[in-house]
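Below you'll find the structure, written out as structure tokens, and then a few comments.
Every chain is numbered from 1, with letters handed out A, B, ... down the list of sequences. What you see is a predicted model; the values in this text were computed from it and never measured.
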2 protein chains.
Amino acid sequence: MDDIDRRIVQLLRSQARMSYAELARRVGLTSPSVQERVAKLERNEVITGYRAEINPEAIGLGITALVGIVTTAGAEYSDVADAIQEISEVESCYFMAGQESYLLKVRVGTMAQLEHLVTRLSRLPGVGGTRTTIALSTKWEGRPQPTDPDVPDPV
Amino acid sequence: MDDIDRRIVQLLRSQARMSYAELARRVGLTSPSVQERVAKLERNEVITGYRAEINPEAIGLGITALVGIVTTAGAEYSDVADAIQEISEVESCYFMAGQESYLLKVRVGTMAQLEHLVTRLSRLPGVGGTRTTIALSTKWEGRPQPTDPDVPDPV
DNA sequence: ATGCGCCGGTCGATGTCGTCCATCTGGCGA
DNA sequence: TCGCCAGATGGACGACATCGACCGGCGCAT
């Protein structure tokens with residue numbers, strides 16, 4: 001993981017469909033070298049996948065909500081996570097410090113679907129309660145932030 | 001936005017670097033047709049970009065936290081959003097219903113950086129208070145969910 | 001120092017892909 | 001019925017991906 005790797009990562013982070021030839025031009029190497037580096041980054045799970053970013057409204061998922069999950073006393077955390085994973089509307093799932101053990105980002109098309117989803121979540125074994133807040137709008141999401149890990153800003 | 005478009009979107013959602021030729025084979029069209037459809041999807045902002053998914057720890061961003069922002073009375077919401085947008089550590093920003101007007105997902109490398117970030121956020125004009133919760137682990141994130149079959153055509 | 005092996009780079013060749021253009025077809029309105 | 005247009009096809013050509021062969025620098029043991 002040197003500077004060239006970091007540049008490649010950053011380029012692919014914002015334009016994942018860029019060709020190897022174009023990447024090569026931008027980092028000053030040849031196409032096969034870049035290809036090998038990218039393959040290695042994928043092998044080492046630095047790059048874990050490539051995603052097209054979709055406008056959720058365009059695919060009928062206009063409602064975004066965040067759901068906090070309070071687990072019941074004695075519930076096995078990982079079992080709860082496994083159960084949540086079965087629910088496709090849950091786009092992201094974080095195991096949190098604090099009263100709510102999990103925080104989920106969910107997307108649905110209608111309020112009725114959201115109601116149904118929250119009901120399903122609250123009935124999962126190990127789930128003691130839910131707290132849902134609706135996102136009125138998404139200002140931005142998944143913005144790639146500048147990579148500069150070799151200069152860890154102090155305070 | 002027909003069934004073929006939806007299949008293309010779904011394919012690119014999970015494998016954004018797939019070639020047009022491969023897409024064409026999978027949806028049963030020729031490469032130029034697929035290319036034209038993808039171009040149109042991009043033009044209509046159904047597809048808004050292509051992102052490589054990076055393991056945050058590999059680029060020195062091992063700490064994920066969620067920060068709720070309470071705005072001061074009389075603050076202009078959009079000004080607050082603009083100010084937050086200047087801060088690169090904020091990966092996502094949602095305008096929320098509820099007491100906290102904004103919810104931010106932030107990533108940093110160290111607790112010291114998180115402290116500094118929260119301090120900066122709390123000092124922004126219009127920001128009355130913050131509530132930070134740390135993600136102990138990310139179970140999953142940005143998982144593409146199956147496209148609803150009965151979608152209202154947005155075009 | 002010398003020689004060896006490894007890592008990572010370049011180069012060249014070949015098959016595939018992206019992209020442009022001409023052409024064709026099916027549906028719709030005049 | 002005719003003409004028009006959106007969208008598909010097929011061919012051509014330049015660019016790209018990919019593979020093997022080769023090459024240079026580096027660390028290390030002899």
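Regarding B:Arg37, its CZ atom lies at a distance of 14 Å from the P atom of D:dA6, rounded to whole Å. As a whole-Å value, the separation of B:Glu36 CD from D:dG10 C1' is 16 Å. Distance CG (B:Leu29) to C1' (D:dG10): 14 Å, rounded to an integer number of Å. Atom CG in A:Leu23 sits about 18 Å away from atom P in D:dA15, given to the nearest Å. Here D:dA17 presents its P atom at 13 Å from CD of A:Glu42, a figure rounded to the nearest Å. Between the CE atom of A:Met18 and the P atom of D:dA17 there is a distance of 12 Å, given to the nearest Å.
For the salt bridge (charged side-chain N to carboxylate O under 4.0 Å, His left out) test with A:Arg107, the passing option among A:Glu57, A:Glu89, A:Glu141 is A:Glu141; the others fail.
For B:Tyr20, the side-chain hydrogen bond (donor to acceptor under 3.5 Å, both in side chains) test picks out no residue, with sequence neighbours left out.
For the residue pair A:Thr130/A:Ser122, the side-chain donor-acceptor check at 3.5 Å is not satisfied.
The phosphate of C:dC17 has OP1 or OP2 within less than 4.0 Å of a side-chain N or O from B:Arg25. Considering only side-chain N and O atoms, B:Lys40 lies under 4.0 angstrom from the phosphate OP1 or OP2 of D:dG7.
Heavy-atom neighbours of A:Arg43 CZ from other residues, nucleotides or ligands within 6.0 Å: above the threshold of 12.
Within the structure, ring pair (Phe, Tyr, Trp, His ring centres under 6.0 Å) pairs that include any residue of residues 74-98 of chain A comprise A:Tyr77-A:Phe95, A:Phe95-A:Tyr102 (at least two apart or interchain).
By the 4.0 Å N-to-carboxylate-O rule, B:Glu91 lies close enough to B:Lys105 to be salt-bridged with it.
Toward the 5′ end of DNA chain C lies the nearest nucleotide of A:Thr30, the other residue of the pair B:Ser19 and A:Thr30 mapping further downstream.
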Could I get a table of every N or O pair under 3.5 Å where one atom is in the protein and the other is in nucleotides 18-22 of chain D?
unit_1	atom_1	unit_2	atom_2	d
D:dT18	OP2	A:Gln35	NE2	2.3
D:dT18	O5'	A:Gln35	NE2	3.2

